[in-house]
Undergrad: 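What follows is a single structure, and I will ask about it in a moment.
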Amino acid sequence: MYNTYNGDMELLKNAALNSHIDEYVRSGLIDVMGQLYLDGSLDEKAWKTFIAEGVHSGQEYSYFYAGLADAICQCHFAEMLPEIRYMLDNDLLDEMAMGKYDSCVDCMFEYRKHDDRFCKSPVNTINMLKHWAMFQDESSEKEGQERLRELKKSLLLESRKSSDPKVGRNDPCPCGSGKKYKFCCMNKPASPLDSIESALGRDKVLQRYPYTGEDRQEGRIYLRDYFDSESIEIDKILYLGLMERPGYIWLRDEEKEEKRCQGYLSLAFEMFIEKAEKENIQNFEEYDQRFSIHYFCEEWMGELLRLSKKERNDELYRRVNKYFQEMRNMSGS
């Protein structure tokens with residue numbers, strides 16, 4: 001569709017909004033418009049206006065909304081993240097397509113290393129179809145099956161590795177100083193984070209956290225453009241506790257994961273209170289509007305309540321619940 005576009009933008013818009021057209025075709029039309037925006041053929045204001053119109057078109061769930069969410073993220077329209085939130089809250093967007101809201105935020109601030117295009121031009125049919133089963137000979141099929149077996153084996157071995165490996169005295173220090181562990185961090189006082197998980201375990205998760213923008217590249221957006229350093233630090237703690245970790249579901253230690261999550265959320269709760277008091281925040285909405293990044297107050301605090309109740313941590317439950325109810329009442333919820 002992109003390679004046969006005849007310049008009639010209204011035709012694209014009307015077709016994309018037409019609920020009688022197949023949902024995957026409509027999603028493809030969104031990709032075409034996204035590429036035209038990247039080409040400079042579609043004005044940014046007009047593109048954003050169309051996306052907002054599509055989000056609030058009042059239609060039922062379809063893959064069309066996944067196309068809109070993907071366009072918002074790939075075009076890095078951070079101010080339109082509330083539109084993604086709206087689609088998720090109203091069951092218009094399937095989490096299987098884009099992930100949860102936290103994954104969408106990651107996607108928003110991610111810049112691909114190779115191909116930032118929505119659509120290919122020109123189309124090389126042979127290259128696109130050569131890996132299809134019908135075009136492969138028997139030997140290629142056997143090689144593919146062998147590679148698949150090796151991949152499964154490596155993934156299984158990786159999933160069985162400890163996420164919190166032990167560091168030997170003479171091993172390189174996990175902090176990256178280049179010194180041996182015994183001459184660096186081994187005897188340093190443990191931080192509250194270390195009592196939850198090792199620095200190595202935290203680094204594995206935070207590798208996926210959006211780059212905050214210490215060294216900038218022209219034309220890119222960064223978290224520091226929208227949030228202060230305190231908000232980012234609190235969000236990182238929440239991210240460590242709530243972001244889904246890779247690995248096979250059936251090999252996960254649910255009890256260990258919940259304990260780790262409760263530890264991070266408890267720490268984030270203390271930091272949240274300090275930030276809210278410092279900024280004179282009166283309710284959840286005010287905090288979310290100014291400081292929330294990947295997670296919203298009522299959701300992560302509600303999860304902390306659930307975990308503390310399950311673990312029968314009565315003191316923590318009472319303290320969080322008291323604050324939770326006060327903030328909800330001030331919100332008029």
Side-chain angles (χ1 to χ4, degrees), residues 27 30-56 65-89 92-93 95 97-119 202-203 205-240 242-244 268 271-272 275 279 285-297 299-300:
S27 177
I30 297 300
D31 285 346
V32 173
M33 294 171 69
Q35 188 59 54
L36 291 172
Y37 161 73
L38 295 180
D39 293 344
S41 301
L42 177 57
D43 174 73
E44 180 174 320
K45 183 178 180 181
W47 181 214
K48 288 180 177 178
T49 299
F50 174 81
I51 292 173
E53 182 182 352
V55 169
H56 297 281
Y65 292 102
L68 291 174
D70 185 55
I72 290 171
C73 292
Q74 282 203 58
C75 294
H76 309 290
F77 294 154
E79 67 276 15
M80 298 193 78
L81 276 169
E83 308 297 329
I84 294 180
R85 180 76 181 184
Y86 172 85
M87 287 187 281
L88 287 167
D89 287 346
L92 298 174
L93 181 60
E95 290 181 3
M98 289 291 294
K100 296 180 181 179
Y101 182 78
D102 52 5
S103 296
C104 294
V105 175
D106 283 352
C107 185
M108 173 65 65
F109 292 93
E110 177 186 9
Y111 288 84
R112 300 175 183 177
K113 294 181 180 179
H114 303 294
D115 188 4
D116 287 326
R117 297 176 62 84
F118 285 91
C119 303
R202 297 196 299 273
D203 288 345
V205 179
L206 292 177
Q207 283 177 358
R208 294 181 289 160
Y209 193 82
Y211 183 63
T212 55
E214 289 78 5
D215 297 318
R216 306 177 63 85
Q217 292 189 36
E218 187 177 353
R220 294 189 174 186
I221 61 170
Y222 301 95
L223 281 183
R224 289 181 183 271
D225 298 334
Y226 301 92
F227 303 99
D228 61 32
S229 57
E230 290 176 346
S231 302
I232 293 173
E233 286 308 307
I234 295 172
D235 185 61
K236 282 184 177 180
I237 303 299
L238 293 170
Y239 193 90
L240 285 166
L242 295 170
M243 174 55 73
E244 291 186 5
M271 298 168 71
F272 166 82
K275 178 73 171 173
E279 302 289 345
E285 283 86 353
E286 187 179 354
Y287 186 94
D288 286 338
Q289 187 175 10
R290 295 172 59 186
F291 305 118
S292 290
I293 305 176
H294 283 85
Y295 307 99
F296 293 83
C297 297
E299 294 174 358
W300 69 259

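One is the number of the first residue; the rest follow in order along the sequence. FYI, side chains are in, hydrogens and waters are out, and symmetry mates aren't considered; it's all heavy atoms of this structure.
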Undergrad: With sequence neighbours excluded, tell me which residues meet side-chain hydrogen bond (donor to acceptor under 3.5 Å, both in side chains) with Glu279.
TA: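 For Glu279, the residues satisfying side-chain hydrogen bond (donor to acceptor under 3.5 Å, both in side chains) (neighbours in sequence not counted) are Lys275, Arg290.
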Undergrad: Is it true that the side chains of Ser231 and Asp228 contain a donor and an acceptor less than 3.5 Å apart?
TA: yes
Undergrad: What residues, two or more places apart in sequence or in another chain, satisfy ring-ring contact (aromatic ring centres under 6.0 Å, His included) together with Phe227?
TA: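 Listed in chain order: nothing, the list is empty.
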Undergrad: Is atom CD of Glu230 surrounded by more than 12 heavy atoms (other residues, nucleotides or ligands) closer than 6.0 Å?
TA: yes
Undergrad: Would you list the pairs meeting salt bridge (Lys or Arg N to Asp or Glu O under 4.0 Å) in which at least one residue belongs to residues 206-217, sequence neighbours left out?
TA: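 Listed once each, the pairs are Glu214-Arg224, Arg216-Asp225.
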Undergrad: Suppose we screen for salt bridge (charged side-chain N to carboxylate O under 4.0 Å, His left out). Which residues come up paired with Glu244, at least two apart in sequence or across chains?
TA: Lys100
Undergrad: Would you check if Asp106 and Met243 make a side-chain contact, meaning some heavy-atom pair closer than 4.5 Å?
TA: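 Result yes, sub-4.5 Å side-chain heavy-atom pair found.
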Undergrad: Sequence neighbours excluded, which residues qualify as ring-ring contact (aromatic ring centres under 6.0 Å, His included) partners of Tyr239?
TA: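 For Tyr239 the ring-ring contact (aromatic ring centres under 6.0 Å, His included) partners, ignoring immediate neighbours, are Tyr209, His294.
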Undergrad: Residues in side chain to side chain contact (heavy atoms under 4.5 Å, CB included) with Glu233, at least two apart?
TA: Lys236, Met271
Undergrad: Apply ring-ring contact (aromatic ring centres under 6.0 Å, His included) to Tyr101 and list each qualifying residue two or more places apart in sequence or on a separate chain.
TA: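 Applying ring-ring contact (aromatic ring centres under 6.0 Å, His included) to Tyr101 gives Phe296.
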Undergrad: Hey, does Ile234 have a side-chain heavy atom less than 4.5 Å from the side chain of Phe291?
TA: no
Undergrad: Which heavy atom of Leu68 sits nearest to which heavy atom of Val55, and what is that distance?
TA: CD1-N, 3.7 Å
Undergrad: Starting at CE of Met87, measure out to NE2 of His56 and round the result to the nearest 0.5 Å.
TA: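 Interatomic distance, Met87 CE to His56 NE2, rounded to 0.5 Å: 8.5 Å.
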Undergrad: Rounded to the nearest 0.5 Å, what separation is found between the CG atom of Leu81 and the CE atom of Met108?
TA: 4.0 Å
Undergrad: Got a second to check how far Asp102's CG is from Cys107's SG, nearest 0.5 Å?
TA: 12.0 Å
Undergrad: Nearest 0.5 angstrom please: Asp235 CG to Leu240 CG, how far?
TA: 9.5 Å
Undergrad: Might you work through the side chain to side chain contact (heavy atoms under 4.5 Å, CB included) test for Leu36 and Trp47, ending with a clear yes or no?
TA: CA-CA 10 Å; Leu36 291 172; Trp47 181 214; over 6 Å; no
Undergrad: Could you tell me which residues satisfy side-chain hydrogen bond (donor to acceptor under 3.5 Å, both in side chains) with Lys48, sequence neighbours excluded, listed by chain and number?
TA: Glu44, Glu79
Undergrad: What distance do Cys297 atom SG and Phe272 atom CZ have between them, rounded to the nearest 0.5 Å?
TA: 4.0 Å
Undergrad: Apply ring-ring contact (aromatic ring centres under 6.0 Å, His included) to Tyr211 and list each qualifying residue two or more places apart in sequence or on a separate chain.
TA: Tyr222
Undergrad: Asp31 side chain to Cys119 main-chain N or O, any donor-acceptor pair under 3.5 Å?
TA: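 Between the backbone of Cys119 and the side chain of Asp31 there is no qualifying donor-acceptor contact (under 3.5 Å).
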Undergrad: Quick check, are the ring centers of Tyr37 and Phe50 under 6.0 angstrom apart?
TA: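 That pair fails the under 6.0 Å test.
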Undergrad: CD1 of Ile293 to OG1 of Thr212: how many Å apart, nearest 0.5 Å?
TA: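 Those atoms lie 10.0 Å apart.
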Undergrad: At their closest point, which heavy atom of Tyr111 faces which heavy atom of Arg220, and how far apart are they?
TA: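 Closest heavy-atom pair between Tyr111 and Arg220: OH-CA, 3.2 Å.
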Undergrad: Closest approach of Ile30 and Ala71, non-hydrogen atoms and distance?
TA: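 Closest approach of Ile30 to Ala71, heavy atoms only: CG2-CB, 3.9 Å.
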Undergrad: Please list, chain by chain and in numerical order, all residues satisfying salt bridge (charged side-chain N to carboxylate O under 4.0 Å, His left out) with Asp43, sequence neighbours excluded.
TA: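 For Asp43 there are no salt bridge (charged side-chain N to carboxylate O under 4.0 Å, His left out) partners, ignoring immediate neighbours.
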Undergrad: With side chains defined as the heavy atoms from C-beta onward, is the minimum distance between Val32 and Phe118 less than 4.5 Å?
TA: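 When only atoms from C-beta onward are counted, Phe118 and Val32 do not touch, as no gap falls below 4.5 Å.
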Undergrad: Can you name the residues that form a side chain to side chain contact (heavy atoms under 4.5 Å, CB included) with Cys104, not counting sequence neighbours?
TA: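 Per chain and number, Cys104 pairs via side chain to side chain contact (heavy atoms under 4.5 Å, CB included) with Cys73, Ile84, Met98.
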Undergrad: Which pair of non-hydrogen atoms, one from Ala69 and one from Leu93, has the smallest distance, and what is that distance?
TA: CB-CD2, 3.8 Å
Undergrad: Compute whether any side-chain donor of one residue and acceptor of the other, for Asp39 and Gln35, lie under 3.5 angstrom apart.
TA: yes
Undergrad: Taking only residues two or more places apart in sequence or in another chain, which ones pass side-chain hydrogen bond (donor to acceptor under 3.5 Å, both in side chains) with Ser27?
TA: none
Undergrad: Between Glu83 and Ile72, what is the shortest heavy-atom contact and its length?
TA: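 The pair with the smallest heavy-atom distance is CB-CD1, 4.0 Å.
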Undergrad: What I'd like to find out is whether the side chain of Leu92 reaches to under 4.5 Å of the side chain of Tyr86, using heavy atoms alone.
TA: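 A side-chain contact under 4.5 Å exists here.
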Undergrad: If you compare all heavy atoms of Met33 against all heavy atoms of Leu42, which two are closest, and at what distance to 0.1 Å?
TA: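 For Met33 and Leu42, the tightest heavy-atom pair comes out as O-CD2, 3.6 Å.
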